[in-house]
Amino acid sequence: MTQLEILKTQLGKPYHDLEFLLHCFKEVLIENEEKQLANIIPWICDTCSYENMEFTQKHFQLFSVCFQLLNLAETNGAVQNRRKTEEDNNLNSINGLWSNSLEILKESGFSENEITDTFNEIEVQPVLTAHPTEAKRPVVIKKYRELYLLLVKRENSMYNSYEKEENRNEIKKIIHSIWHIDEYYREKPNIETELDNVIHYFVNVFPETVGLLNRRLLRGWKFAGFDTNKLVQKNEFPRLKFGNWIGGDRDGHPLVTANVTKSTLLKLRLNSFLVLKNELLKLAENLSFYIELENLPEKISDRTKEIISELGGETKSNVTANRHEAYKLFVLLLIQKLPINIGRAQLFELSDNKGSYRHSHQLINDLEILRNALIDSAHSSLAYNNVNDTIQMIRVFGFHLAELDIRQNSSYYEKSLVQIYNASKSGKVMPSEMAQDEKMKLIASELKINRPFLRDWQNLPDEAKNTLECFKVLQDHISEYSSFALGSLIVSMTRDVSDLLMVYILSREAGLTIYENNLTLKLPVVPLFETIDDLIASPKIMEEYFSFPEVQDSLEYQKKINNRQQKVQEIMIGYSDSNKDGGILASSWYLYKAQKELTEVGNKYGIKLKFFHGKGGSISRGAGPVHWFLRSLPHGTLSGKFKITEQGETIEKKFANKINAVYNLELMLAGDTLNTLLHKLDREIDSEVVEILEFMGKESYIVYNELLNNPHFLEFYQQATPIDVIEQSKIGSRPARRTGKRTFSDLRAIPWVFSWGQARFHITSWYGVGSTLEKMQNNFPEKYNSLKKLIKTNHFVRYVLTNIDTSLASTDERIMKMYAELVENKKTKETILNLLLAELEKTRTLMQELLGRPMEERRKNHYFSTALRAEALDVLHEYQIRKMKKWRKDDNHSSKEDLLLQQLLISVNAIANAMGTTG
C-alpha cells in the first residue's frame with residue numbers, strides 16, 4: 001500500500017468526505033477555466049508534480065482552500081463519531097461530558113443533592129477576543145459555515161439521489177464563491193467589523209445552545225439515576241454567561257477610544273434585545289391557546305392590567321388582536337416593555353419608552369409570575385419547559401449580551417496618573433518614574449480622600465484624557481442602566497500593588513467610586529500576571545492588595561451588587577507572555593504554582609478567587625482539551641467560577657456550528673462542576689511531586705533563556721521565520737507590537753508563536769524540555785523514575801507532557817533546515833540551528849522513553865491527520881521560502897514586490913489552515 005492508501009484506511013470517513021469535497025472543488029475549477037489548477041489538487045492527483053512549477057497567488061489559494069476543506073471534513077467526522085459513540089455505547093463513554101462527569105462524581109461519593117447544591121456556585125464564562133490570530137476574513141468564515149452545514153446534511157439517510165445531487169450543487173455554489181473571494185485581509189479590519197463578527201456568535205449560535213445544554217444535562221442526570229423533575233422544577237442549572245474584549249481591550253490598541261467603548265456597549269445591548277425578542281416570540285406562539293383575560297389566575301391578571309396601564313395606548317392593537325389568548329397576550333406585552341423601538345421593516349433601535357424595563361431581573365420577575373400562573377392552571381409542562389427556557393436565556397444574556405472587560409497596561413495607567421497629578425497644580429510635581437515607596441505613600445494618602453484632582457480634562461495629555469473619558473463612559477452606563485454589562489478593569493503587566501491601587505484613584509476622577517467608610521470602587525480591579533517574574537511575585541502582591549480597607553470595602557460592595565454569598569476576587573493569569581518569557585515547562589509550572597499560592601492568600605482573607613485563564617489557540621499559548629485542562633488545575637484552586645479567553649481562530653474552530661458549540665460549552669460546564677466538587681475533597685500535597693515540578697520549571701527556564709540570550713538568536717529568528725511577513729499582515733485591528741519598538745520584549749506573544757509555527761520550529765512548545773529531562777535522568781534518576789509514574793497518576797503532569805507531545809508531532813526537522821537557509825550569516829545559522837536540532841533530538845528521545853508507546857499508537861487520529869497534511873504542506877513551505885528570498889532582496893517594495901507580499905500573505909494563510917492554528 002502507498003502512504004496515501006494507508007492514510008485513507010486509517011482516517012476512514014473524514015478522508016472520504018474530504019475526497020468528495022475535493023472532487024467538487026475540482027469541478028468548480030474546471031468550470032472557472034482553471035483546468036491546470038484542477039489537475040494539481042493535493043491528495044486526489046495521482047501523477048501530478050509540483051517541481052519546477054511557478055507558484056502564483058492562485059496556487060497558494062488552491063492549497064488554502066484544500067486545507068480548509070480537510071478541516072471541515074475532520075470536524076464533521078469528530079461530531080459524527082461522538083454521536084455514534086453515544087448511540088452504540090453508554091452516554092458516559094465520552095470523556096468530559098455531563099454523563100461521564102456525573103459518573104465520576106458518583107464514584108467519588110457525591111450525592112445527588114450535593115451536586116445540585118454546587119450548581120449555584122458554577123459560573124462558566126468564555127470571553128471572545130479579537131486577538132489577531134484569525135487569518136480568514138469574516139465573509140470567508142461565513143461561507144465555510146454554510147459549507148459545513150451542507151456537509152452535515154449529507155449524513156441524513158432520508159434523502160433520495162435527486163436531493164443528494166441538489167445538495168452537491170449547493171456545495172459547489174459555495175465553493176465557487178469561496179474561490180472568488182480573497183481569503184486574507186488587504187486592509188486591517190476595523191473594530192466594528194471585529195465586533196460584528198463576534199456578535200454573530202452571540203446572536204446566531206449561542207442562544208440555540210442554551211436549551212440544548214440544559215437538555216444534555218438532564219439526559220446525563222437521568223442516566224445517572226437522579227430525579228430530573230427536581231432539577232427542572234427548581235430551574236437552577238450551572239450558569240453560563242459570555243464575555244467580550246472587543247471595544248474594551250485598549251492595551252497597546254490606540255483605536256479603542258471612549259466613543260468606541262460607548263458604542264460597543266450600546267450595540268451589545270441592542271442585540272441582546274434581538275435575542276430576547278425572538279425567544280419571547282417563540283414563547284408567545286407556544287402559549288397560543290384560548291383563555292380569556294378574566295379567567296387568568298389573579299396575580300397574572302392583575303399584572304397584565306398593570307402592564308397595560310404602564311404602557312398606555314401603545315397596547316391597544318395588541319390587546320384587541322389577542323384578547324382571547326390571554327397568556328400569549330401577556331408575553332407580547334412583555335416584548336412591548338423591552339426598551340426598543342421596532343420599525344416597520346423590523347429595524348431595531350434603543351428607546352427607553354414609558355413603562356419600559358430598566359433591568360433584566362424585572363423581565364424575569366414577570367416571567368416567574370407567568371410560570372406560576374401556568375402551574376396553577378394545570379399547564380405545568382409549559383411552565384417548566386418553555387417558560388423556564390426563556391428565563392434561562394435571560395440569565396445568560398441579560399440586557400447586555402456579553403460582559404465587556406476593560407483592559408489597559410499598567411504603564412499607561414501610571415503615565416495617566418502622573419499627568420493628572422501634575423495638571424492639578426498641587427504644588428508638587430510627580431516625576432514620571434518614582435521610587436516604589438514614594439509612589440505607595442502618595443497612593444495611600446490619596447485613597448483616603450474623596451475628591452478628584454481635576455474638574456476640567458480638556459487640556460490633559462492623551463493618556464490621562466483617554467483613561468478618564470473611558471471611565472466616564474463606564475460610570476454613565478452604570479448610572480443609566482446598571483453595572484451588569486461591565487466585566488472587570490483588567491490591568492495587564494501587573495508588577496506591584498501600586499499598579500492596582502492607582503486604578504482606584506483614576507476611577508475616582510470619573511465618578512466611578514463611592515465613599516462610605518472608605519473609597520469604594522464600583523467595578524472589580526483585576527491584575528493580569530503575565531511574565532514568570534510577575535507570576536512568582538503575585539502572591540505577595542495580592543497579600544498586600546487585600547490588606548487595604550478600600551479593597552475590602554470594594555469587594556464587599558461588588559458582593560452585594562452581584563448577590564453573592566462571599567467576596568470574590570478575579571485574577572487573570574497569562575499563558576502567552578509567560579511562555580514567551582520562559583518556555584513551555586517553566587510557564588506551565590509557574591502558572592500552576594501561582595494559582596496554588598494565590599488561593600492560599602485568598603483563603604487567609606476569606607476571599608474566593610476566580611481565575612481568568614488568558615489562553616490562546618496554540619499549545620504554546622495554553623491551548624489543549626478544556627476538560628483535561630480543568631482536571632490539571634492545582635487541587636483546591638477552582639471555586640466554581642471559570643473564565644477563559646477564546647481567541648481568533650479558536651472561536652471559529654469551537655463555535656462555528658451549533659453542535660460543536662454545544663460540545664465545547666458542555667465540556668466547560670461539566671468539567672467546571674466536576675472539578676469544583678473534586679477540589680472539595682481532602683487531598684494531601686505530595687512534596688515529592690512539588691519538588692520534581694519545581695526542578696523542571698527552574699531548569700527548563702534556564703535552558704530556554706540561554707537560547708534567547710545567545711548573541712546570534714535574534715538575527716536567526718528574524719531571518720529564519722516569516723516574522724517580517726506576519727507583521728505586514730492585516731489579520732487584526734491591533735498592532736503586532738505594543739509600542740511599535742522593534743525589540744524582542746515589545747513583540748507580542750501572538751506573532752512570536754505564529755512565526756515559529758509557520759516555519760515548523762514550534763520551539764515555544766518544546767525547547768528546554770529535552771535538556772531538563774536529560775539532567776533529571778542523569779543526575780536525579782529517582783526523580784526521573786517518579787516522573788514516569790506521575791504520568792499515569794497526576795493530571796497536571798499528563799496534561800503538560802501530552803501537549804508537548806502533540807507539538808512535537810507538528811515539528812519537522814527537514815522544514816526547519818529549509819527555513820534556516822534563509823539566514824545569511826553562516827555562523828549565526830549553524831550556531832542556532834545546531835542548538836535547536838540537538839534539543840529537539842533530546843526531547844523526542846526522552847519523551848518517547850517517558851511515554852512508552854510510539855505516537856501512532858498514543859494519538860492515532862492526530863498522528864495520521866498530521867501525516868496527511870504533510871503530503872501537501874511541504875510544497876507550501878518550499879514556495880513560501882522561495883518567495884521570501886525574492887521579497888527580502890528588494891527594500892523598495894515596488895509593485896512587483898507588493899505582488900510578492902500578497903502571495904506571501906496568502907501562503908501564511910494557507911499554512912495556518914494546514915496547521916489548524918496561527919498563534
Side-chain angles (χ1 to χ4, degrees), residues 125-130 190-203 206-207 241-251 253-277 338-341 347-353 356-363 394-408 465-490 503 506-507 509-513 521-526 558 561-562 570 643 645 733-734:
Q125 186 177 25
V127 179
L128 274 55
T129 82
N190 58 36
I191 298 164
E192 189 173 0
T193 301
E194 292 174 331
L195 182 62
D196 287 341
N197 191 34
V198 299
I199 282 176
H200 162 81
Y201 294 93
F202 293 137
V203 172
F206 294 140
K241 63 178 184 176
F242 295 97
N244 168 52
W245 270 18
I246 301 161
D249 181 12
R250 53 227 322 118
D251 179 13
H253 199 330
L255 300 178
V256 182
T257 62
N259 283 335
V260 165
T261 297
K262 181 178 180 179
S263 64
T264 297
L265 287 165
L266 293 177
K267 195 164 193 174
L268 290 168
R269 182 173 172 82
L270 181 64
N271 277 278
S272 74
F273 295 129
L274 174 62
V275 170
L276 298 185
K277 176 200 162 237
L338 296 176
I340 48 170
N341 279 334
L347 295 174
F348 274 39
E349 62 178 10
L350 291 170
S351 178
D352 291 306
N353 303 312
S356 292
Y357 291 121
R358 285 188 60 78
H359 307 297
S360 59
H361 68 258
Q362 295 170 318
L363 174 55
I394 300 162
R395 286 175 179 165
V396 171
F397 296 104
F399 282 5
H400 57 273
L401 204 62
E403 287 181 356
L404 182 68
D405 285 330
I406 306 298
R407 184 174 76 135
Q408 184 55 280
K465 191 174 181 182
N466 293 341
T467 297
L468 297 185
E469 285 178 347
C470 169
F471 285 179
K472 181 66 166 57
V473 165
L474 306 184
Q475 167 56 25
D476 289 348
H477 195 89
I478 292 171
S479 298
E480 184 71 20
Y481 305 114
S482 72
S483 62
F484 296 123
L486 304 172
S488 308
L489 302 174
I490 299 169
V503 179
L506 293 168
S507 299
E509 294 296 299
L512 203 51
T513 57
L521 184 50
K522 297 175 186 176
L523 295 173
V525 176
V526 171
Q558 291 148 23
I561 288 290
N562 291 289
E570 183 178 314
K643 188 173 178 182
T645 52
S733 63
R734 290 159 58 94

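Predicted model only: the values in this text are computed from it and were never measured.
- Ser507 is listed as a side-chain neighbour of Leu489, based on a closest heavy-atom distance under 4.5 Å.
- His361 and His359 have parallel rings, their planes meeting at less than 30° on a 0 to 90° scale where 60° marks the start of perpendicular.
- Two residues are said to be in side-chain contact when any heavy atoms from C-beta on lie closer than 4.5 Å; Asn353 and Pro339 fail this criterion.
- Rounding to the nearest 0.5 angstrom, the gap separating the CD atom in Glu480 from the CZ atom in Arg358 is 6.0 Å.
- In terms of heavy atoms, His400 sits closest to Glu403 at CD2-N, 3.8 Å.
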Show, in sequence, the C-alpha distance, side-chain angles and deciding distance for Leu195 and Thr264, and conclude whether the side chain to side chain contact (heavy atoms under 4.5 Å, CB included) test is met. CA-CA 8 Å; Leu195 182 62; Thr264 297; 4.0 Å; yes
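- The main-chain N or O of Gly247 is found under 3.5 Å from a side-chain atom of Thr261 such that the two form a donor-acceptor pair.
- Note that the CG atom of Leu404 and the CH2 atom of Trp245 stand 11.0 Å from one another [nearest 0.5 Å].
- Here the CG-NE2 distance, from Asn271 to His200, works out to 12.5 Å after rounding to the nearest 0.5 Å.
- Looking only at side-chain heavy atoms (C-beta outward), Asp249 and Thr129 stay at 4.5 Å or farther from each other.
- For the 3.5 Å distance criterion, the side chains of Ser488 and Arg407 fail to qualify, holding no donor opposite an acceptor.
- The closest side-chain heavy-atom distance from Asp405 to Lys643 is below 4.5 Å.
- Summarising the geometry of Val275 relative to Val203, their closest heavy-atom pair is CG2-CA, 3.9 Å, with the distance given to 0.1 Å.
- Not one N or O on the side chain of Ser351 forms a donor-acceptor pair closer than 3.5 Å with the backbone of Ile340.
- Residues Tyr357 and Leu276 are not in side-chain contact: their nearest non-hydrogen atoms beyond the backbone lie 4.5 Å or more apart.
- For the pair Leu270/Leu266, no side-chain contact is recorded, criterion being any heavy-atom separation below 4.5 Å from C-beta on.
- Looking only at atom types and distance, the side chain of Gln558 has no donor-acceptor partner in the side chain of Lys522 under 3.5 Å away.
- To the nearest 0.5 Å, atoms CG (Asn244) and CD1 (Ile199) are separated by 7.5 Å.
- The two residues Leu512 and Leu523 have their closest heavy-atom pair at CD2-CD1, 4.2 Å.
- Between Phe242 and Phe206, the angle of the ring planes stays under 30°, which puts this pair in the parallel group of the 30/60° scheme.
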Applying side chain to side chain contact (heavy atoms under 4.5 Å, CB included) to Val473 and Gln475, what does each step give before you reach the verdict? CA-CA 6 Å; Val473 165; Gln475 167 56 25; over 6 Å; no
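- For Asp251 against Gln408, the heavy-atom pair with the smallest separation is CA-OE1, 3.6 Å.
- If you take SG on Cys470 and NZ on Lys262, they are separated by 13.0 Å, rounding to the nearest 0.5 Å.
- Rounding to the nearest 0.5 Å gives a distance of 10.0 Å between NZ of Lys277 and CG of Leu338.
- Under a 3.5 Å cut-off, the side chain of Arg250 and the backbone N or O of Gly248 do form a donor-acceptor pair.
- Applying the salt bridge (Lys or Arg N to Asp or Glu O under 4.0 Å) rule to pairs touching residues 466-475 yields Lys472-Asp476, sequence neighbours excluded.
- The closest side-chain donor-acceptor pair between Asp196 and Thr193, if any, does not fall under 3.5 angstrom.
- With contacts defined as side-chain heavy-atom distances shorter than 4.5 Å, the pair Phe397/Pro207 qualifies.
- With hydrogens and angles ignored, the 3.5 Å screen pairs a side-chain donor or acceptor of Thr257 with a backbone N or O of Val260.
- At a threshold of 4.5 Å between non-hydrogen side-chain atoms, the residues Phe399 and Leu363 count as touching.
- Annotation for Lys267: atom NZ counts as buried by contact number, over 12 foreign heavy atoms lying within 6.0 Å.
- Taking the ring axis of Tyr481 as reference, the NZ or CZ atom of Arg269 stays within 45° of it and closer than 6.0 Å to the ring centre.
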